[in-house]
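Below you'll find the structure, written out as structure tokens, and then a few comments.
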Amino acid sequence: MQVNDNKEFQPLIVAFCCNWCSYAGADLSGTNRLNYPTNVKIIRVPCSCRVNPMFILRAFQRGADGVILCGCHPGDCHYTSGNYFTRRRMTLLFSMLDFLGIERDRTRVEWVSAAEGAKFAATMNEFTEAVKKLGPNRRLEDLRCKKQ
Amino acid sequence: MQEAMINKAKQLLADGTVNRVIGWKKGEFVYDITPAIFETAEELDADFVYNEFTAANVSKYLVKESKKEGKILAFLKPCDTYSLNQLTKEHRVNRDNIYVVGIPGGPKLDAEKIKAKGITGITGIKNENYTLKIETVYGEQTMPFYEAISDKCASCKSKKHVTYDELIGEDGDVLESNRFDMVEKLENMTAQERYDFWRAELSKCIRCNACRNVCPACTCEKCVFDNPESGVENKAASNSFEENMFHIIRAFHVAGRCTDCGECSRVCPQNIPLHLLNRKFIKDINSLYGEYQAGEDTTTKAPLNAYTTDDCEASIVHERGVE
Amino acid sequence: MLRIAIDKIDSLFDAIAEKQTLYIPVDREDGAAEYKKYESGMKMSNSLNTLRSAKDFFFPQTENLVEFKMEGKQIEVKDIREESEDFVIFGVRACDARSFSILDKVYLVDPVDSFYKNRRDHGVVVSMACTRPAETCFCSAFGIDPTAPEGDVSCWNDGSYIYFEANTEKGKAFVDSISSLLEDGDASSLENVKAETKRILSLLPLSNLSTDSFGGDKLNEYFNSEKWAELSESCIGCGTCTFVCPTCQCYDIKDFNTGNGIKRFRCWDSCMYSDFTKMAHGNPRISQLERFRQRFMHKLVYFPANNNGEFGCVGCGRCLSKCPISMNIVKVMKALEVK
Amino acid sequence: MQRIGVFVCHCGTNIAATVDVKAVAEALGHEPGVVISREYQYMCSESGQNLVKDAIKEHNLSGVVICSCSPRMHENTFRKAAAAAGLNPYLVEIANIREQCSWIHKDIATATEKAVILGRAAIAKVHLNAPLTAGESPVVKRALVIGGGIAGIQTALDIAEAGFEVDIVEKEPTIGGKMAQIDKTFPTLDCAACILTPKMVECSQNEKIHIHSFSEVTDVKGFVGNFSVTIKKKARYVDETKCTGCGLCTEKCPMKNVPNEFNMGLDNRRAVYIPFAQAVPKVATIDPNYCMMLKTGKCGVCSKVCSVGAIDYKQQDKFIEEKYGAIVVATGFNPIKLDKYEEFAYSQSPDVVTSLELERLMNAAGPNGGTLLRPSDKTHPHTIVFVQCVGSRCDDSKGKPYCSKICCMYTAKHAMLIREKYPDTEVYVFYIDVRTPGKNFDEFYRRAVEQYNVHYVKGMVGKVTPKSDGKLDVQASDLLANEQLHIDADMVVLAAAIEPDKTARPLATMLTTQMDTNDFFTEAHPKLRPVESATAGIFLSGACQGPKDIPETVAQASAAAAKAIGLLCKNSITCNPCVAHSNELMCNGCSSCEKVCPYGAITYQDKEFRMPDRTTAIRRVASVNPAVCQGCGACTVACPSGAMDLNGFSNSQIMAEVDAICK
């Protein structure tokens, strides 16, 4: 969580992006100078299927307020099937988090192709706004990591 | 039943089909029964027991036992056979080294439920027409049989043995069970209520690892939570680690593999309803990807190791149930 | 004897809680009892004992020791121990009350564990005599009289009144501090209560459990017993017995990386775990048999060998009801016992 | 202790205008392990690279972090620079502070803060980077083509032309496939045999090509560059090396009533047969289902008439094993069975035929010697109705959801040929849409309509009923005129959908390649890698990948050949070092990883281990073939114990990045 000068809550967003589509899509939104908030920090992974649910929980434990996972559109996966596994894993994980009473809008999966720079920026704007509305993540943090 | 089992075990030992038997051994009280291995007819006569308190699922012991010299006889209740099948599917047991005798299952009783009625000083329990006559040092007490049925048996999913070499008694059927009722009840609560419910339950966790160590799906050579190199190792019961990592990931790791044997909740010293986490995954898998029962056979691909191109999107979580 | 009518106990709790933190056993929704910080309106549990032991008050499951704060390449070392304030634990049973003296033998001897001592100094133990022992109880085997519990203050309940007797200076000060709420009264009814409890104790299934053949002198004989293999074969290696045990005292010290530094903490450990006392080459006890043996040898042989014959078990019976596979110290004693 | 160098690029003003690069370099210089932190105008320029190289040497760096543009842009540049300075290239990490920072943010303070965080994440990762070396694996210079239709033939010819050995495995007694059965080809109307058979002969004469006819692939092991394939040569009871193809046995065999599959069962052959005159290899085959000698031991006529003694009733299936560097799948297609389409009376009237049957009926080498006659009474048909999309573009489970693609064109061809040869015959074509994209295709179709007056009716045939006078009542709707039609037809021709050959699915399992739900092989990328399967070293040729006409099939066949040649030209393959690896001590052997691997890179073996309790145990453990693994990481998440990890993107590296970002 960051707090800027006017003390408006600034959520920390971790975005996992697959190397072939979404990371390239993020690059494209940069090339096209399409703004999205600095809150979003991208971690590059080879494929969305590389993202272990542990990474997502870890981010929340360490103080992330939202985690978004971006991959190639279903059917377009560079590794042909990776994002299909991602889809099942994340559906179940998110459903479990929901079951545990974690706010639904803190997590998201979005398919962004390498050509969808505009979609990437729009998604990040939208997601950041949604998380901002939720306020700081209190339910999934590890109290030992709480910043004094 | 106990008699028939002892005789069967003696026969199989005598004819050399097996060289040991895994079953249950009498305890100090009527209810504190320990899984045990018997090697001789004398041991069987002296200590073998099968009654309303032999709830323990012995299939996990077969991971180790089936790798030893010689065949072992395993008495398995219907629910235990699902666990064994799942272990066979995952190459964790050597099925050829196991002689499975299917035995009728529950309902098993839970001593804690009797004690929760304030009944203490128990010296004997008898079931007479579904009324428990409990002898105690404070005098005889009674309670209805069904009120003492263990949670795992109260929501029994199947009386069918999915793998066996021989059966004692008739095989049963897969049951229409009410096992998802509590999951559904939670789903219909608000997020805040669900959060409060789980925080209250999971904060009781003392990280004794009984749930994990008893779980037939948790047979990892080295658990990530015990492995300092995994980066998520954590020995302590620490505020918010169990709630936010350990139990979620454990449930995720057994998702699509958990047969819903109910051992996790049965052994939890803090009575946390951990099986609800597994059942949530099972319910989701059933509704999103088609009915799937882990352990039903040894070949079907686990739902998390499979996909279809028209699976639902993760956003379905936002679209259903109560926020 | 000083006493208070049971229906006035709430006012006593309120009065104590006003001055210091008070913990009492309360019933949870699932029926199990646990110690909770007293808040007005809470009802004291009637159950025989709490699910977890009272040792947490002096030896918590996890405890931060020191923190290394990192700022770039700079490291600052910070003492982050929590300062204890005075507190009262009310309703401790005889077994748990004895367990403190066992823990003291570990942590208050040289080198004194300052974290433990700090808590011990600030805590007042108010024990409560048992009236309804359970089948899992076997404290008598270790010379504990549940009708005469230890502690800074001992209490008895005759159904109408709770009677108080201070045993230590700290206890006396505590009783003095609440004396305005207590009255002096006849305690003769307690004799009947105690006699009845003793009668029940003699009927319990474990009443004749004997510790006679255990102790420090038969170390090799027990260590090499062939019974361990059979006893340990079904042990699943969890830490349930250890973590509900009032006398288990082992801990591990670990570092936790918070991202901004390291928190060094200690936490309960269990000799049943495969990574207990792990060294470069692994756990020196390489099989579950050895780990299982360690736990019981420690309580029945090593501990008495080092502590004038005192056993490392108080017979609370928690492990008897909580072990997932129902293997426990009683079964071990009966199997090993030399008659 | 790590010695990390941080290099922050200005990228002219691209970065420096919104990110205070000096501040970033300063802040990152204070991070643990960082021994030098510099900024520079253009890091990717030669002098920028020299700055990095010199620092590596001077400070004996163990890791390098470049804060610059996207790694997709210059990761390779800096890896090469590091390698040139003696540092393992995989000890370089890029923090993307241009595309993902300076270009999208305007406020210098927050952009700088973010750049520092991205830099920190890269530093946290590089702390855990391990030097990686790309492995090499040798390439066997021989290709296998599975299927001997036009796709397989063209692929084999092209590969052989490039100088490599090629084996063709064909399950039928002859190569040639479906094209050999076709009469004329669109849009030029030249005869199929005239253009196909020379290629078949070329195959048989090319020294580099080895044809295994009447054979099947039964097992595939290995991986790109080094496949080991078992081929079953089915017993044909004729010694291929002796048979001269004289055909005497096929004339003398007394079993005359065997349905001739080459002519779609429209006439008969003998129990010993050569499918057609130009078969390659031109070798007889005995059909054991009909041969009296094989069934009862009585006959032996063929053996008596064979002058070279080629008949061998004792012949057994033979298995041969061969090594290949590349495999091309060309298993082709078949028309679907029409048993679910009883409304068209296919099984009730011999005059309702499929298009492929019509090909044979019109072919000069066919049952009627090229004269189109009704199968029922051998009379000239005067009204013929063509039904399109029989089983194609279906949304129910009866047929196929896809368009079979070739039917519109061959129907136009049939209609045109009939109208040309028998102008007194009325031809109706019922269609949903006419789809004729392709060079000269639409012109061809228009010619059928405009020049040959074929009646194209938009609408579907509802029912075909055989009448007592031998005619067929075709009940249909004309959607444009909005009326119901009844046509008295002499023949009805059904354009049956095409589907992949049934042998394709078991083959896909052996090859660990992927298939779609229709059993067509899935290409590695639908747009950019259309002739490769996702499994390295396996290529796709022809209709096994999707419905195709001949020109498209030949184009794809050559493309697949080119890809295979590209592979076979190499002496060895350099493997991507960022691949998965399994920690055998932690592996459970549960097979989860294997199940999610799209490349079949994971295998299991039983190995002996010394266990923590000092006993030895045989355990089933996974191992990853680094030559086959592409590094997606699906297995790492499927693995519950964390035994499976990915080089370059390990669990600990990604978590270190998470931690650094969330600090």
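Each chain gets a letter, A, B and so on, in the order the sequences are listed, and its residues count up from 1.
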Members of residues 299-306 of chain B whose heavy atoms come closer than 4.5 Å to chain A
B/P303, B/L304, B/N305, B/A306
When rounded to the nearest 0.5 angstrom, what distance separates CD in A/E110 from CD in B/E313?
8.5 Å
Quick check on the interface: out of A/L143, A/N52, A/V109, who has the most heavy-atom pairs with chain B under 4.5 Å?
A/L143
For the interface with chain B, which of A/Y84, A/F94, A/F99, A/W111 has the highest count of heavy-atom pairs at distances below 4.5 Å?
A/F99
Does any backbone or side-chain atom of A/L97 lie under 4.5 Å from a heavy atom of chain B? Answer side chain, backbone, both or neither.
side chain
Check each atom of B/S315 against the heavy atoms of chain A and say whether the ones under 4.5 Å are side chain, backbone, both or neither.
neither
Within the 4.5 Å heavy-atom criterion, are A/F55 and B/V232 side-chain neighbours or not?
no
Per-residue contact mode, A/R58 against chain B (heavy atom under 4.5 angstrom):
both
Does either side chain, that of B/H318 or that of A/D98, offer a donor lying less than 3.5 Å from an acceptor on the other one?
no
Side chain, backbone, both or neither: which part of A/S81 has an atom under 4.5 Å from a heavy atom of chain B?
both
Does the cation-pi check pass for A/R87 over B/Y307, that is, NZ or CZ under 6.0 Å from the six-membered ring centre and within 45° of its axis?
no
Below 4.5 Å from any heavy atom of chain A, which atoms of B/D310 appear? Answer side chain, backbone, both or neither.
backbone
Residue B/T308 versus chain A: region with a heavy atom under 4.5 Å
both
For A/P53, which atoms come within 4.5 Å of any heavy atom of chain B: side chain, backbone, both, or neither?
both
Below 4.5 Å, heavy atoms only, C-beta onward: do A/L57 and B/N244 meet side chain to side chain?
no
Does any backbone or side-chain atom of A/E141 lie under 4.5 Å from a heavy atom of chain B? Answer side chain, backbone, both or neither.
backbone
Which of residues 278-288 of chain B have a heavy atom under 4.5 Å from any heavy atom of chain A?
B/K280, B/F281, B/D284, B/I285, B/L288
Under the side chain to side chain contact (heavy atoms under 4.5 Å, CB included) test, which residues partner B/C153, sequence neighbours left out?
B/P107, B/K108, B/I149, B/S150
The salt bridge (Lys or Arg N to Asp or Glu O under 4.0 Å) partners of B/E296 (sequence neighbours excluded) come to none
